[in-house]
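Below is one structure, written out as structure tokens; comments come after it.
Position 1 is the first residue of the sequence; numbering continues from there.
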Amino acid sequence: MEISVDVPPYLRVHKDGTVERMAGIQVVPAGLDPNTNIVSKDILVIPEAAVTARLYRPNFTPQNAKLPLVIYFHGGAFCISSPSDPLYHNSLNKLVAESNVVALSLNYRLAPEHPLPTAYQDSWAAIQWVASQAKAQEDWFGDYVDFERVFLAGDSAGANIGHYMALKLNGVSKNDFDLKVKGLVMVNPYFWGKEAIGAEITDPERKKMVDVWWGFVCPSEKGNDDPLINPFVEEAPSVEGVACEKVLVIVAEKDILRERGKLYHKMLSNSGWKGKAEFYETLGEDHVFHIFNPDCDKAKSLIKRIADFINEQTVNV
């Protein structure tokens, strides 16, 4: 079949409209992970759109113990992967085990079948659904979740989603949302822009590759300076509106997106935002290395850093 659009290394679209994904297409079922003793199950969170999520919790939790909740948005440039991808399923098992939390990993709809802003809309609807569980209480939420200790987290495109969800929470009243988002974890956030900065200048081939991605998933006249992908442009919402107490920005030294993550942390730190901005860099590694090589020492250190961030937030709560 003839190819009409090629988006390496993720997918291609054939002229008959068929989408052929080359990555993020494997799936594993939910259930008990014997390596971490974490149990998971799939649930429906947005019935009208058939959007699901995968819930995780420790297999053995003391009776009446309430744990922090992590709402997780996976990466994949908004066009590949899912919570049931073996790489993400494994990573969430490890994160939940290390952090001692309940996690919800959202299976938001993907481009190009569902162009942006669909992923953002699904993510917001999922947060609203989670807030509704403080009263309706799906059994795991009712038994194990402390709705006063909620965290947003994600890697790459998922970190981008987390940022905009934290902005959208600004101004939401307690009457509307019976939960408290205390922190945001952004691993190798996918932000971009038309003008090259830092290492992007000396790596034109990778810059050109990344340039293509956004135009594919988000048809926009503003291209890579659309505020959704470039939070540093003038028309983008101010980071001062990030509605949580603490943000952890994680970058990798060899990641082409590293400069944007550093700039985000700097912008947040220098803004009028009242929270605490933390920064962590993994030397010698590339984009989301911890997903692809989860058992290396640096990946274990990254997961532990996230766990420490979550549990630091819960001290004396």
Side-chain heavy-atom pair [X], [Y] within 4.5 angstrom cut-off:
X	Y	value
Val7	Val5	yes
Pro83	His74	yes
Asn224	Val210	no

- Item | Over 12 foreign heavy atoms within 6.0 Å of CD, Glu195 | no
- Crowded around Gln128 CD? As in, over 12 foreign heavy atoms under 6.0 Å? yes
Please report the closest heavy-atom contact between [X] and [Y], naming both atoms and the distance.
X	Y	result
Asp85	Gly24	OD2-CA, 3.4 Å
Lys94	Pro294	CE-CB, 3.8 Å
Leu11	Pro112	CD2-CD, 4.2 Å
Val13	Val19	CG2-CG2, 4.4 Å
Asp255	Asp286	CA-OD1, 3.3 Å
Asn188	Val288	OD1-N, 2.7 Å

Rounded to the nearest 0.5 Å, what separates atom [atom1] in [X] from atom [atom2] in [Y]?
X	Y	atom1	atom2	result
Ser91	His290	OG	NE2	4.5 Å
Arg149	Leu69	CZ	CG	10.5 Å
Leu110	Asp122	CG	CG	9.5 Å
Tyr144	Arg57	OH	CZ	3.5 Å
Tyr88	Ser81	OH	OG	5.5 Å
Lys207	Ile197	NZ	CD1	9.5 Å

Salt-bridge criterion met for [X] and [Y] (N-O under 4.0 Å):
X	Y	value
Asp203	Lys208	no
Arg109	Glu48	no
Glu200	Arg260	yes
Asp225	Lys222	no
Glu312	Lys276	no
Glu20	Arg12	yes

- Verdict with supporting geometry, Asn37 and Asn59, side chain to side chain donor-acceptor pair (under 3.5 Å): CA-CA 6 Å; Asn37 202 28; Asn59 192 29; 3.3 Å; yes
- With Trp192 via ring-ring contact (aromatic ring centres under 6.0 Å, His included) - residues at least two apart: none
- Message: If the condition is ring-ring contact (aromatic ring centres under 6.0 Å, His included), which residues does His287 pass it with, not counting sequence neighbours?
- Response: none
- Message: Going by the rule salt bridge (charged side-chain N to carboxylate O under 4.0 Å, His left out), which residues pair with Glu2 if we only count those two or more places apart in sequence or in a different chain?
- Response: Lys15
- side chain to side chain donor-acceptor pair (under 3.5 Å) between Asp33 and Thr36: does it pass, once the steps are laid out? CA-CA 6 Å; Asp33 177 55; Thr36 57; 2.5 Å; yes
According to a hydrophobic-cluster definition based on side-chain heavy atoms being under 4.5 Å apart (Ile, Leu, Val, Met, Phe, Trp, Tyr only), do [X] and [Y] belong together?
X	Y	answer
Met267	Met186	yes
Met209	Tyr10	yes
Phe292	Leu302	yes
Phe151	Tyr280	yes
Leu257	Leu263	yes

- Item | Stepwise salt bridge (Lys or Arg N to Asp or Glu O under 4.0 Å) test for Lys246 and Glu278 | CA-CA 8 Å; Lys246 193 174 180 182; Glu278 301 185 22; 2.8 Å; yes
- Message: Quick check: Tyr264 with His163 (ring centres under 6.0 Å apart)?
- Response: yes
- Query: Are Trp124 and Phe177 close enough that their ring centres sit under 6.0 Å apart?
  - Reply: yes
- Task: Take Lys180 and Glu148 through the salt bridge (Lys or Arg N to Asp or Glu O under 4.0 Å) test and state the conclusion after the steps.
- Result: CA-CA 5 Å; Lys180 181 175 179 60; Glu148 293 295 310; over 6 Å; no
- Query: Thr18 side chain to His14 main-chain N or O, any donor-acceptor pair under 3.5 Å?
  - Reply: no
- Query: Between Lys41 and Asp139, is a salt bridge (Lys or Arg N to Asp or Glu O under 4.0 Å) present by the stated rule, with each step listed?
  - Reply: CA-CA 12 Å; Lys41 66 177 180 178; Asp139 57 351; 3.0 Å; yes
- Query: Could you go step by step and tell me if Lys254 and Glu285 meet the side-chain contact (heavy atoms from CB on, under 4.5 Å) rule?
  - Reply: CA-CA 5 Å; Lys254 295 183 178 180; Glu285 297 292 349; over 6 Å; no
Please name all residues satisfying side-chain contact (heavy atoms from CB on, under 4.5 Å) with [X], sequence neighbours left out, ordered by chain then number.
X	value
Glu240	Ser238, Ser271
Leu116	Phe78, Ala119, Tyr120, Trp214, Val217, Cys218
Ile201	Ala196

- Query: Taking the inter-plane angle between the rings of Phe141 and Phe147 on a 0 to 90° scale, is it parallel (under 30°), tilted (30 to 60°) or perpendicular (over 60°)?
  - Reply: parallel
- What class does the angle between the rings of His89 and Tyr56 fall in, given that below 30° is parallel, 30 to 60° is tilted and above 60° is perpendicular? tilted
- Test side-chain contact (heavy atoms from CB on, under 4.5 Å) applied to Val247 and Trp273, step by step: CA-CA 11 Å; Val247 173; Trp273 181 62; 3.7 Å; yes
- Task: Would you please test Thr282 and Val251 for side-chain contact (heavy atoms from CB on, under 4.5 Å) and show each step?
- Result: CA-CA 6 Å; Thr282 304; Val251 302; over 6 Å; no
- With Glu281, which of Lys298, Arg305, Arg258 fulfils salt bridge (Lys or Arg N to Asp or Glu O under 4.0 Å)? Arg258
- Item | side-chain contact (heavy atoms from CB on, under 4.5 Å) between Val96 and Val102, intermediate numbers included | CA-CA 7 Å; Val96 170; Val102 174; over 6 Å; no
- Task: Kindly determine whether Asp211 and Lys194 satisfy salt bridge (Lys or Arg N to Asp or Glu O under 4.0 Å), including the steps that lead there.
- Result: CA-CA 8 Å; Asp211 282 345; Lys194 288 181 181 179; over 6 Å; no
